[in-house]
Engineer: 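Submitted below is the structure of interest, expressed as structure tokens.
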Amino acid sequence: MAAELSSTKLNAESHLLLDQPLLRLPHELARRNFKTVQRVVEREKEYILPELKKVANGSLTGTQTTEQTLASLDAMIRRMQGLKRKMESLQEEEKKIQSQSRKRIQHLQDLYKIQSLSDVKYDEWSRTRLNRLLVDHMLRSGFSESAKQLAQEKGIEDLVDIDTFVQCQRIAESLRRGEAKEALQWCGENKAALKKSQHNLEFELRLQQYIEMVRTGQREKLLEAMQHAKKYLSPHMETQAQEIHRAAGLLAFSKDTDVEPYKSMYSPERWNYLSDLFVRTHHELLSLPPRPLLHIALSAGLSALKTPSCHSAYASSSSNSMSATTSVCPICSTELNELARSVPYAHHTKSSVESDPMILPNGRIYGRERLLEMSRKAGLEEGKVKDPTTGEVFDEREIKKVYIM
């Protein structure tokens, strides 16, 4: 009885290992919003305070007319009104993030109120998490509208990151179309955070702009490309010297060259590379897992089931044309076989084998009685046995007894 209770007891901490991104993203968004507020306030302060001091001194010393003073004050008032609108917008964003965080914390807190895996409330909580994982997978795969509909239908809009992934996909798609404007704007908004990133996204985007200018072969564009390189590429000489030297060499080769590495630099495939690089950088900055959470959850479950035979060349599988039987093993299924290929094997402390095990020449092991019975049912002549998995037929004298140590 005690063993049964311990096996159904819910360990909330282990469940939450998968749900860390649920709280990390709102935290990162709140931090970014706060940094934006700081930046806006500092910029306006640097303008307003000196200007106010200048107007006050000019008015006292008589170097400014009343009209000039009033015009300066009107300009400052308009600037402060613009600041007020920006601050109101940022405050609304802050409220939205806080509301989202509150609902996510409550969702996780509900798990601590559930004591047993057999509780109906745990089934409800698990279904909500499954829906979250499905929405996350859809968003990463580019099915934004389907993800929105599922989130709305299940009432989990605050538990998923639709806006963040939609923005990410929009910029990634623009890069695949050969447009770098939106990605560069994103880099400008996250300039401070990008300095700590291991990826050189902004440099690669500026390099691509340079390549596109050189690609035209026009004299004016080549001169513009050199100015562009001096402004945006040269500051990275210490860390990107090799790439900058290659960029300089690109001026001597036309877009249809077969000489490497210039052929690869001219290749349109670079835009796909930049798109993938942007997605990796975006996820890193926002503490998002590089893989869909659904894949992570499935990998954990698959690892508990995986055995060496699951990826055998003769495994009984719906995806294996050599198989003579069918299998309900998730690892062997067509849908999950590739996903499970890279996960570790399960660690089993206990195993069970058939009585009187025999090994066939192909290395597969079966119980003697079951092997002989299945061979008789297959209509084989006496003295022959058939591997039920591969369909191979062997002489009974070729099989050997196995002794379990």
Side-chain angles (χ1 to χ4, degrees), residues 28-29 31-33 35-36 38-40 42-43 140 142 164-288 290:
E28 290 296 327
L29 294 177
R31 187 180 62 80
R32 273 178 40 180
N33 195 69
K35 291 290 184 182
T36 303
Q38 279 187 318
R39 188 168 60 250
V40 170
E42 286 296 325
R43 185 174 66 241
R140 290 171 182 266
T164 299
F165 279 104
V166 167
Q167 181 198 39
C168 177
Q169 288 293 332
R170 187 183 70 247
I171 298 175
E173 287 298 324
S174 71
L175 286 170
R176 289 193 181 95
R177 293 195 303 268
E179 302 169 5
K181 183 179 178 181
E182 284 192 83
L184 284 169
Q185 183 179 351
W186 183 86
C187 288
E189 294 170 355
N190 298 273
K191 200 171 189 68
L194 283 172
K195 291 180 180 179
K196 304 175 184 178
S197 172
Q198 62 177 340
H199 304 300
N200 301 303
L201 176 61
E202 186 174 3
F203 173 82
E204 292 290 344
L205 291 171
R206 294 297 185 186
L207 176 60
Q208 188 64 36
Q209 285 184 317
Y210 170 87
I211 293 171
E212 296 305 318
M213 293 176 193
V214 177
R215 189 193 301 274
T216 63
Q218 301 173 7
R219 179 178 175 81
E220 303 80 27
K221 285 292 184 181
L222 292 177
L223 292 173
E224 186 180 342
M226 286 187 277
Q227 291 298 322
H228 177 90
K230 185 177 180 180
K231 181 177 181 181
Y232 295 110
L233 303 185
S234 296
H236 299 272
M237 181 58 77
E238 291 186 7
T239 57
Q240 301 292 333
Q242 186 178 10
E243 288 296 322
I244 293 174
H245 291 155
R246 287 177 177 176
L250 196 67
L251 293 168
F253 294 88
S254 63
K255 61 183 179 181
D256 55 354
T257 182
D258 289 327
V259 179
E260 291 291 358
Y262 309 108
K263 181 180 179 181
S264 297
M265 293 177 74
Y266 277 125
S267 173
E269 287 300 314
R270 258 191 65 84
W271 285 107
N272 292 331
Y273 161 73
L274 290 173
S275 179
D276 294 338
L277 178 62
F278 167 75
V279 172
R280 291 197 302 271
T281 306
H282 175 273
H283 290 359
E284 179 190 290
L285 259 58
L286 295 181
S287 299
L288 291 169

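Note that the numbering runs from 1 along the sequence shown for the chain.
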Engineer: Looking only at atom types and distance, does a side-chain atom of Ser275 sit under 3.5 Å from a main-chain N or O of Trp271, one as donor and one as acceptor?
Structural biologist: no
Engineer: Would the distance check show the side chain of Thr216 and the main-chain N or O of Met213 forming a donor-acceptor pair, the cut-off being under 3.5 Å?
Structural biologist: yes
Engineer: Looking just at side-chain N and O atoms, do Glu204 and Gln208 make a donor-acceptor pair shorter than 3.5 Å?
Structural biologist: no
Engineer: On a heavy-atom basis, which atom in Leu274 and which in Leu175 lie closest, and how many Å separate them?
Structural biologist: O-CD1, 3.7 Å
Engineer: Are Lys181 and Glu179 within salt-bridge range, i.e. N to O under 4.0 Å?
Structural biologist: no
Engineer: Check the pair Leu29 / Thr164 against side chain to side chain contact (heavy atoms under 4.5 Å, CB included), numbers first and verdict last.
Structural biologist: CA-CA 9 Å; Leu29 294 177; Thr164 299; 4.1 Å; yes
Engineer: Give the intermediate values and the outcome of salt bridge (Lys or Arg N to Asp or Glu O under 4.0 Å) for residues Arg31 and Glu28.
Structural biologist: CA-CA 5 Å; Arg31 187 180 62 80; Glu28 290 296 327; 2.8 Å; yes
Engineer: Keeping the roles fixed (side chain from Ser174, backbone from Ile171), state whether a donor-acceptor pair exists under 3.5 Å.
Structural biologist: yes
Engineer: Under the side chain to side chain contact (heavy atoms under 4.5 Å, CB included) criterion, do Asp276 and Arg176 qualify, and how do the steps go?
Structural biologist: CA-CA 9 Å; Asp276 294 338; Arg176 289 193 181 95; 3.8 Å; yes
Engineer: Any salt bridge (Lys or Arg N to Asp or Glu O under 4.0 Å) involving residues 226-244? Give me the pairs, sequence neighbours left out, ordered by first then second residue.
Structural biologist: Glu243-Arg246
Engineer: Which salt bridge (Lys or Arg N to Asp or Glu O under 4.0 Å) pairs, counting each pair once, include a residue from residues 185-194, with sequence neighbours left out?
Structural biologist: Lys191-Glu202
Engineer: Is a side-chain donor-acceptor pair under 3.5 Å present for Gln209 with Arg206?
Structural biologist: yes
Engineer: So which atom in Tyr262 and which in Phe253 form the shortest heavy-atom distance, rounded to 0.1 Å?
Structural biologist: CE1-CE1, 3.4 Å
Engineer: Please evaluate residues Leu250 and Tyr266 with respect to the criterion side chain to side chain contact (heavy atoms under 4.5 Å, CB included), reporting the C-alpha separation (whole Å), side-chain torsions for both, the decisive distance (0.1 Å), and the verdict.
Structural biologist: CA-CA 9 Å; Leu250 196 67; Tyr266 277 125; 3.5 Å; yes
Engineer: Kindly determine whether Glu224 and Lys221 satisfy side chain to side chain contact (heavy atoms under 4.5 Å, CB included), including the steps that lead there.
Structural biologist: CA-CA 5 Å; Glu224 186 180 342; Lys221 285 292 184 181; 3.6 Å; yes
Engineer: Any chance you could measure Gln240, atom CD, to Ser234, atom OG, to the nearest 0.5 Å?
Structural biologist: 12.5 Å
Engineer: How about CZ on Arg219, more than 12 heavy atoms from neighbouring residues, nucleotides or ligands closer than 6.0 Å, or not?
Structural biologist: no
Engineer: If I compare all heavy atoms of Thr281 with all of Leu194, which pair ends up nearest, and what's the gap?
Structural biologist: CG2-CD2, 3.5 Å
Engineer: How far does NE2 of His282 sit from CG of Leu288, to the nearest 0.5 angstrom?
Structural biologist: 6.5 Å
Engineer: Using 4.0 Å as the upper bound for N to carboxylate O, is an ion pair formed by Glu42 and Arg39?
Structural biologist: no
Engineer: Is it true that Arg215 and Glu212 have a side-chain N and a carboxylate O under 4.0 angstrom from each other?
Structural biologist: yes
Engineer: Which heavy-atom pair separates Leu205 from Cys187 by the least distance, and what is that distance?
Structural biologist: CD1-SG, 3.9 Å
Engineer: Which heavy atom of Gly217 sits nearest a heavy atom of Leu222, and at what distance?
Structural biologist: O-CD1, 4.2 Å
Engineer: Output yes when Lys263 and Glu260 qualify as a salt bridge under the 4.0 Å nitrogen-oxygen rule, no when they do not.
Structural biologist: no
Engineer: Only pairs at least two apart or in different chains count here, so list each ring-ring contact (aromatic ring centres under 6.0 Å, His included) that has a residue in residues 192-222.
Structural biologist: Phe203-His236
